[in-house]
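Just follow the structure's listing: the first ligand is 1, and inside any ligand the first atom is 1.
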Amino acid sequence: MTLPRLAVLISGRGRNLEALCAAIHRGELAAQIVLVISSRADAPGLAVAQRHHIPTAIIEPSHHPNRAAMDTALMQTLDAAQPDLIALAGYMRILTPDFVLRYLGRLFNIHPSLLPKYPGLNTHARALTQGDARHGASVHFVTPELDGGPVVLQGSVAIQTGDTPDTLSERVMYQVERHIYAPVLHWAATGRLRFTDQQQVQLDGTPLHAPLQLYGYMT
Ligand code: GRF
């Protein structure tokens with residue numbers, strides 16, 4: 001049986017990429033990562049890909065005159081790899097609507113906040129400034145609105161006295177992020193999770209009206 005083909009886009013350390021590789025290794029994500037694309041030549045996540053013998057490509061903004069040209073290069077490289085699913089995993093670039101619409105329904109992102117709270121950057125600091133009791137991360141379908149597509153699964157940790165953006169982001173990464181991406185991609189890879197033409201999310205044929213929560217989700 002040929003496994004669904006997954007491409008992963010990164011810009012940084014690649015901890016989410018590592019978690020996906022580990023899930024595949026454990027048999028929890030029925031997909032093969034066929035390509036990792038980084039927007040930075042110095043991203044430590046490239047070494048993660050190499051360690052797992054995954055082909056890599058580097059597509060950097062400085063090599064392209066504008067965002068549209070950059071995304072065209074990205075689409076050409078992606079299409080050559082024929083991915084069924086694409087996962088943004090710490091990819092720190094805003095994608096053009098052309099790009100997003102081309103892969104609508106098979107393009108996912110992981111974002112470190114309890115969306116719809118705190119789209120964009122500096123989410124950990126913003127949750128602390130607001131005095132939130134909990135903070136977390138979300139996996140969502142990507143639509144042209146930044147961090148605005150429907151959330152499939154999210155999880156949270158309690159904010160503790162003395163937390164800094166760094167301590168909080170570490171806890172969210174290790175207690176939430178590393179656990180929520182693989183299940184969503186697995187459901188998509190196995191045809192259980194769908195994004196309909198009406199932009200409705202369905203899991204096992206049932207509409208998902210609210211995000212699933214880690215520790216409550218089905219396997
Ligand atoms: C993660 O917190 C991810 O949610 C955010 O950027 C960070 C990337 O970390 N968008 P890594 O590259 O997966 O280590």
- Query: Can an N or O of Met173 be found at a distance shorter than 3.5 Å from an N or O of ligand 1?
  - Reply: no

- Message: As an exercise, state the distance from OG1 of Thr77 to CG of Leu35, rounded to the nearest 0.5 Å.
- Response: 7.5 Å

- Starting from atom 9 (O) of ligand 1, which protein heavy atom do you reach first, and at what distance in Å? Arg15 NH2, 3.3 Å

- Looking only at heavy atoms, what is the nearest atom pair of Pro4 and Ala189, with distance? CG-O, 3.4 Å

- Note on the structure: Of all protein heavy atoms, the one nearest atom 12 (O) of ligand 1 is Gly14 N, 2.8 Å

- Message: In this structure, does ligand 1 have an atom that sits under 4.0 Å from one of the heavy atoms of Ala137?
- Response: no

- Hey, are Tyr118 and Asp132 close enough side-chain-wise for a donor-acceptor pair under 3.5 Å? yes

- Task: Check ligand 1 against Gly12 and write out every atom of the ligand that is under 4.0 Å from a heavy-atom position of the residue.
- Result: 12 (O)

- Item | Numbered atoms of ligand 1 (with element) below 4.0 Å of Asn16, judged on heavy atoms | 1 (C), 3 (C), 13 (O)

- Can you check whether Gln199 reaches Thr143 side chain to side chain, under 4.5 Å on heavy atoms? yes

- Task: Look at the aromatic rings of Phe141 and Phe195 and report parallel, tilted or perpendicular, splitting at 30° and 60°.
- Result: parallel

- What do you reckon, does Ile10 put a non-hydrogen atom under 4.0 Å from ligand 1? no

- Protein contact of atom 1 (C) of ligand 1 - nearest heavy atom, named by residue and atom, plus distance: Glu177 OE1, 3.2 Å

- Message: In this structure, does ligand 1 have an atom that sits under 4.0 Å from one of the heavy atoms of Gly45?
- Response: no

- Task: Give the residue and atom name of whichever protein heavy atom lies nearest to atom 5 (C) of ligand 1, and the separation in Å to one decimal.
- Result: Pro112 CD, 3.9 Å

- Looking at Ile54 and Val34, what are the two nearest heavy atoms and their distance? CG2-C, 4.3 Å

- Message: Distance alone, cut at 3.5 Å: any donor-acceptor contact between the side chains of Asn109 and Tyr181?
- Response: no

- Under 4.0 Å to a heavy atom of Gly90 - the qualifying atoms of ligand 1, by number: 6 (O), 8 (C), 10 (N)

- Side-chain donor-acceptor contact under 3.5 Å, His111 with His140: no

